[in-house]
Amino acid sequence: QVQLVESGGGLVEAGGSLRLSCAASGRTGSRYSIGWFRQAPGTEREFVAALAYSGGGSYYADSMKGRFTISRDNAKNTGYLQMDNLKPEDTAVYYCAASIDGKVAGTWELYDYWGQGTQVTVSS
C-alpha cells in the first residue's frame, strides 16, 4: 500500500503560480511512477503529467507543456507539480497517483494509488 497526500492548492490570480506537493508513505521502496490528474466539476478526470521513478522520463498533456513541470525527490518520497502562468480553465481538483509497476502513462486506470486531491482555483 502507498498512501498519497497532496498539498499546495489554493486560490491564485490568472498568470500566477502554484507548486503542488504529493507526499508518499507506506510501500515507498518500490520504483513507482507518479502521475498528476485533475478534475473540474462536471468533467471527466484529465491527465496532466507523469514521471518515472528515475526522474528521467516525463510525459505531459499537450495543453500543459511549457506551463507545468513535474518533478520528484525520492529521498523525501515527494512528488511535485510546478504550475506557472495559470489560467482560469486550470481550476480543478488536482490528484496525484502512483503506479507500482512504474508505468508512465496518461490513463488513470493504470495507476494503483490515489491521493485525496487538492483544490486549485484560478481567478480571472
Q. Okay, side chain of Glu6, backbone of Gly117: is any donor-acceptor separation there less than 3.5 Å?
A. yes
Q. If you group Ile, Leu, Val, Met, Phe, Trp and Tyr by side-chain heavy-atom gaps below 4.5 Å, do Leu51 and Trp114 land in one group?
A. no
Q.
Donor-acceptor check, side chain of Thr121 to backbone of Leu11, threshold 3.5 angstrom: yes or no?
A. no
Q: Among residues two or more places apart or on two chains, list those pairs meeting salt bridge (charged side-chain N to carboxylate O under 4.0 Å, His left out) that have a residue in residues 12-24.
A: none
Q) Distance-only, no hydrogens or angles: does the Asp73 side chain make a donor-acceptor pair with backbone N or O of Gly79 under 3.5 Å? A) no
Q.
Met83 and side chain to side chain contact (heavy atoms under 4.5 Å, CB included): which single residue from Thr69, Val48, Leu20 fits?
A. Leu20
Q) How many angstroms lie between atom CG of Leu81 and atom CZ of Arg72, to the nearest 0.5 angstrom? A) 13.5 Å
Q: Taking all heavy atoms of Pro88 and all of Ser124, pick out the closest pair and write down the distance.
A: CG-CB, 3.8 Å
Q. Can you find a heavy atom in the side chain of Ile70 that is under 4.5 Å from one in the side chain of Ile34?
A. yes
Q: Start with the C-alpha gap between Ser99 and Leu110, add the side-chain angles, then the distance that decides, and say whether side-chain contact (heavy atoms from CB on, under 4.5 Å) holds.
A: CA-CA 7 Å; Ser99 167; Leu110 297 179; 5.7 Å; no
Q.
List the residues meeting salt bridge (Lys or Arg N to Asp or Glu O under 4.0 Å) with Lys103, not counting sequence neighbours, and say none if there are none.
A. Asp101
Q: Test Leu86 against Phe68 for side-chain contact (heavy atoms from CB on, under 4.5 Å), laying out the working first.
A: CA-CA 9 Å; Leu86 284 162; Phe68 291 8; 3.9 Å; yes
Q) Are the side chain of Thr78 and the backbone N or O of Lys76 linked by a donor-acceptor pair below 3.5 Å? A) yes
(Q) Looking at every heavy atom in both Tyr113 and Ile100, which two are closest together, and how far apart are they? (A) CE1-CG1, 3.4 Å
(Q) On a heavy-atom basis, which atom in Tyr32 and which in Ala98 lie closest, and how many Å separate them? (A) CD1-CB, 3.9 Å
Q: Determine, stepwise, if the pair Val5 / Gln116 fulfils side-chain contact (heavy atoms from CB on, under 4.5 Å).
A: CA-CA 7 Å; Val5 178; Gln116 82 291 349; 4.2 Å; yes
Q.
Just to verify, what does Phe47 make a ring pair (Phe, Tyr, Trp, His ring centres under 6.0 Å) with, not counting sequence neighbours?
A. Phe37, Tyr59
Q. If two hydrophobic side chains count as joined below 4.5 Å and joins carry through other members, does Tyr80 share a cluster with Val2?
A. no
(Q) Going by salt bridge (charged side-chain N to carboxylate O under 4.0 Å, His left out), name the pairs with one or both residues in residues 77-97, residues two or more places apart or in two chains. (A) Arg38-Asp90, Arg67-Asp90
Q. At their closest point, which heavy atom of Val122 faces which heavy atom of Thr91, and how far apart are they?
A. N-OG1, 2.9 Å
**Q.** Pairs where residues 63-124 contributes a residue and the test disulfide (SG to SG under 2.5 Å) is met, not counting sequence neighbours
**A.** Cys22-Cys96
Q) If you group Ile, Leu, Val, Met, Phe, Trp and Tyr by side-chain heavy-atom gaps below 4.5 Å, do Leu18 and Tyr60 land in one group? A) yes
Q. Do the side chains of Ser17 and Gln82 get nearer than 4.5 Å, heavy atoms only?
A. yes
Q.
Taking ring-ring contact (aromatic ring centres under 6.0 Å, His included) as the cut-off, I'd like each qualifying pair that reaches into residues 86-109, sequence neighbours left out, listed once.
A. none
Q. Should Glu46 and Met64 be marked as a side-chain contact (heavy atoms from CB on, under 4.5 Å) after you check the CA-CA gap, both sets of side-chain angles, and the distance that decides it?
A. CA-CA 11 Å; Glu46 178 185 22; Met64 321 300 174; 3.9 Å; yes
Q: Provide the closest heavy-atom pair for Gly57 versus Ser54 in the form atom of the first, atom of the second, distance.
A: N-OG, 4.4 Å
